[in-house]
Structure formats: structure tokens, C-alpha cells
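Take a look at the structure below.
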There are 2 protein chains.
Amino acid sequence: MEKRVDIRHIGNLIRIARKMAGLSQMELAEKLGISYQQVQKYEKGLSEISLSRLSQIAHALNTPINRFISDDEKMMVSESMSLYGILSDDEIELLRFFRKIKNKKLKAEFLMVMKNISELSEKGLSKKAKS
Amino acid sequence: MEKRVDIRHIGNLIRIARKMAGLSQMELAEKLGISYQQVQKYEKGLSEISLSRLSQIAHALNTPINRFISDDEKMMVSESMSLYGILSDDEIELLRFFRKIKNKKLKAEFLMVMKNISELSEKGLSKKAKS
DNA sequence: CTATTTTTACTACTTTTAGTTGTATTTGTC
DNA sequence: GACAAATACAACTAAAAGTAGTAAAAATAG
């Protein structure tokens with residue numbers, strides 16, 4: 001019977017959730033009471049994850065366990081993000097910081113700045129940015 | 001760390017789902033490509049169940065996988081990070097702009113600014129910048 | 001830029017357990 | 001009663017979880 005869950009995909013989700021929580025592999029491993037190398041295997045999809053373990057992980061990361069298993073792809077967030085879920089490290093950090101900012105006005109302004117910069121960047125100004 | 005999923009409970013759910021589907025342990029085992037004795041272990045809670053396996057079982061029994069795990073009602077929330085998968089419109093925009101910026105250095109610097117701001121924001125001065 | 005520490009990656013090894021096989025009960029129905 | 005099924009339990013083997021050691025990136029400091 002075919003495998004109906006992509007273990008590597010789940011690994012990615014775990015990694016993203018971990019980084020969003022601002023934890024290192026080591027810190028997560030400690031919470032789980034296992035070696036960080038084993039956490040690596042989970043994230044890289046080199047080791048199967050039992051339900052108990054996934055439950056622990058979800059708890060350690062303050063994330064509902066469903067986040068990792070909902071097999072239908074209604075996880076698609078928006079078309080603007082091509083490959084759903086696959087965020088780069090930078091992007092994860094960006095989001096993490098952005099979420100820390102509580103002041104709405106500040107967030108909005110920040111977004112505007114970002115927008116303007118990105119538009120400039122689009123016009124081929126990317127070379128001469130440096131001194 | 002404590003186990004947050006009752007493996008025996010899941011076993012019961014599997015057994016029930018199996019009977020609902022009108023299958024014997026043997027028949028289910030065959031579908032899974034394992035021995036029926038192993039199915040017994042699942043049902044009795046004597047063997048951990050991996051995600052892949054549970055996914056197979058759910059499929060074999062025409063049951064959504066969530067049926068076996070979701071019931072943990074009020075798991076979460078720690079508002080800060082909890083819903084990483086669901087991005088707000090703001091966040092999607094933020095990402096979109098961020099991705100437009102090609103200059104790596106610029107991106108990195110932008111991230112730093114964001115980080116510093118968020119750290120300030122964290123220290124509870126979200127309302128009024130210090131004078 | 002260099003040194004140092006932290007974080008992550010890869011490989012080899014050990015231990016645990018998933019999974020198998022064999023046999024014994026149980027639960028039918030004829 | 002006999003006879004098949006479905007389920008239970010124990011001992012064993014194969015496979016994978018988990019560990020440990022080392023190396024390479026990334027951050028962070030100096």
C-alpha cells in the first residue's frame with residue numbers, strides 16, 4: 001500500500017514551526033528528551049515520526065498537532081506563495097519579527113517602507129546600492 | 001516530556017473504525033501489507049504508530065486521518081506563534097515585497113532593522129517611542 | 001577580517017521496537 | 001460435539017529509532 005503522507009514534507013513543517021518558535025534543534029531536542037541529531041532526522045525526513053512524538057513536538061512548539069498532518073492541501077495560503085509552506089530561513093525570520101511588533105501603525109508603516117524599497121529594487125537598482 | 005497522545009486510545013479508535021468498515025484484523029493487515037498480529041498490536045496499544053502507517057490505516061478504512069488524532073480540543077495556543085501556517089494579508093504582502101528585493105545585502109540589512117525594531121517592541125514600548 | 005562559539009550536517013554505531021512466525025484461546029455456526 | 005473463523009499472546013528476527021563523534025556552516029564577538 002502506498003504511503004499517503006510525505007514524511008519529508010512534515011519534516012519541513014516541523015523545521016519551520018521550530019524556527020518560528022525561535023528554537024534551535026538542540027533546544028527542541030532537550031524539550032523532547034532526545035538528541036538534536038534525532039531532531040535533524042525528523043526535519044530531514046530520515047526518520048519516521050510516531051504519533052506520540054509528533055504530539056510532543058507540537059506541544060513543545062505551541063502548535064496544534066493538526067498543523068502537521070492535515071493532508072488535504074487547503075494549507076495553500078495564497079497564490080502569491082508559489083510552493084506553499086516552503087519559506088526560506090530569511091522569510092521565516094522576517095515573519096517572526098514582524099509578528100513580534102504589536103503596534104499596528106508601526107507594522108503598517110513598515111510594510112509601506114518595504115513596498116517602496118521593493119519597487120525601487122525592481123527597477124534595477126540592485127547593483128549600485130553599496131557605497 | 002510527557003506523552004500527549006494516548007496510544008491505547010488511538011488503538012481503540014482504530015479497532016472501532018475497522019469494525020465499522022466490516023473488516024477483520026486479517027483483512028486490514030492484508031491491505032496494509034503486514035501481519036494481522038501487528039494490527040493487533042496497534043489496536044491494543046502495544047506498538048507505536050507512525051504517521052505513514054496511520055495514514056495508510058485511515059485510507060484503508062475510508063476514514064479521515066484526523067479522526068484518530070484531533071480530539072485534543074484545547075491544545076495550544078500561545079498566541080504569539082501558534083498559527084504559523086495561516087498568514088494574514090499583511091504577512092503575505094510583506095513576504096511578497098521581500099521576495100521582490102533581489103539585492104542580498106539589502107535583504108539582510110532589512111532583516112536586521114526588522115529584528116531591532118521587533119526587539120524594541122518586545123520591551124513594551126509599543127505605544128510611545130522614548131523621548 | 002580573524003577567532004570563537006553556536007548551530008546544523010553527516011557518518012558510524014548501539015539499542016529499541018516494529019514486524020514476523022508459531023501456537024493457543026476464543027467465538028461462532030453447522 | 002466438530003470445524004473454521006477471528007483474536008490473543010509469546011518468542012524471535014529484522015529494521016528503524018536513537019546515540020555519539022566529528023566536521024562544516026553560520027552567527028557573534030573582538
Side-chain angles (χ1 to χ4, degrees), chain A residues 1 3 5-8 10-57 60-61 68 86-94 96-97 130-131, chain B residues 1 3 5 7-8 10-57 60-61 68 104-105 107-116 118-119:
Chain A
M1 187 173 188
K3 298 267 179 189
V5 153
D6 183 357
I7 183 176
R8 291 187 56 190
I10 293 177
N12 274 330
L13 295 181
I14 290 176
R15 165 161 302 193
I16 290 173
R18 173 175 63 77
K19 292 195 170 176
M20 294 291 266
L23 295 178
S24 67
Q25 291 177 342
M26 238 174 171
E27 290 167 317
L28 176 55
E30 181 139 8
K31 286 194 174 200
L32 302 176
I34 59 176
S35 65
Y36 65 93
Q37 289 95 333
Q38 187 57 30
V39 171
Q40 268 176 36
K41 289 194 183 174
Y42 293 146
E43 294 187 356
K44 292 247 163 188
L46 298 175
S47 187
E48 275 285 348
I49 305 172
S50 73
L51 282 174
S52 315
R53 189 64 85 200
L54 187 70
S55 170
Q56 292 177 330
I57 292 173
L61 299 179
F68 301 112
I86 311 288
L87 303 177
S88 72
D89 286 357
D90 277 0
E91 288 163 350
I92 292 172
E93 269 208 308
L94 183 74
R96 202 171 131 241
F97 296 142
K130 214 181 150 189
S131 74
Chain B
M1 188 175 188
K3 298 267 178 187
V5 152
I7 183 175
R8 293 187 56 191
I10 293 175
N12 278 328
L13 294 180
I14 291 176
R15 167 161 301 192
I16 291 171
R18 173 174 62 78
K19 293 195 169 172
M20 296 286 257
L23 295 179
S24 67
Q25 290 178 343
M26 236 173 174
E27 290 167 318
L28 175 56
E30 182 137 10
K31 285 197 174 199
L32 302 176
I34 60 177
S35 64
Y36 66 92
Q37 289 94 334
Q38 186 58 30
V39 171
Q40 269 175 35
K41 289 192 183 175
Y42 292 147
E43 294 186 356
K44 293 247 165 190
L46 297 175
S47 187
E48 275 286 349
I49 305 171
S50 73
L51 281 174
S52 314
R53 189 63 85 199
L54 186 70
S55 173
Q56 291 178 331
I57 292 173
L61 299 178
F68 301 113
K104 301 239 178 190
K105 187 132 192 274
K107 288 185 94 154
E109 281 169 358
F110 202 85
L111 210 52
M112 276 306 295
V113 173
M114 174 70 100
K115 177 177 182 176
N116 290 327
S118 75
E119 275 165 3

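The model shown is predicted, which means the values in this text are computed figures rather than measured ones. Chain identifiers are assigned alphabetically (A, B, ...) following the order of the sequence lines, protein sequences preceding nucleic acid strands; residue numbering begins at 1 within each chain.
- For D:dG18, one of the phosphate oxygens OP1 or OP2 lies less than 4.0 angstrom from a side-chain nitrogen or oxygen of A:Tyr42.
- When only modelled atom types and interatomic distance are considered, A:Tyr42 and A:Arg53 share a side-chain donor-acceptor pair under 3.5 Å.
- The line from CG of A:Leu28 to CD of A:Gln38 is 11.5 Å long, rounded to the nearest 0.5 Å.
- Closest to the A:Ser24 side chain, of the nucleotides D:dA8, D:dA17, C:dT8, is C:dT8.
- Distances shown here put every side-chain N or O of B:Arg18 at or beyond 4.0 Å from the OP1 or OP2 atom of D:dA6.
- A:Arg15 has its side chain within reach of A:Lys19: a pair of non-hydrogen atoms, C-beta onward, lies under 4.5 Å apart.
- Of the candidate nucleotides D:dG18, C:dC10, D:dC9, C:dC10 has the atom lying nearest to any side-chain atom of A:Gln40.
- Judged by distance alone with a 3.5 Å cut-off, no donor-acceptor contact links the side chain of B:Gln38 to the base of C:dA18.
- At the phosphate of C:dA9, OP1 or OP2 sits under 4.0 Å from a side-chain N or O atom of A:Arg15.
- In this entry the distance linking NZ of A:Lys44 with P of C:dT7 reads 17 Å, nearest Å.
- In this structure, the nucleotide among D:dT19, C:dG19, C:dT8 sitting nearest to the side chain of B:Lys41 is C:dG19.
- By the 4.5 Å heavy-atom criterion applied to side chains, B:Ile57 and B:Val39 are not counted as neighbours.
- Distances shorter than 4.0 Å separate none of the side-chain N or O atoms of A:Arg53 from OP1 or OP2 on D:dA17.
- Of the candidate nucleotides D:dT28, D:dA17, C:dT21, D:dA17 has the atom lying nearest to any side-chain atom of A:Ser47.
- Side chain B:Gln37 to base C:dG22: a donor-acceptor pair is found below 3.5 Å.
- Comparing D:dT19, D:dT7, C:dG19 by their nearest atom to the side chain of B:Gln25 picks out D:dT7.
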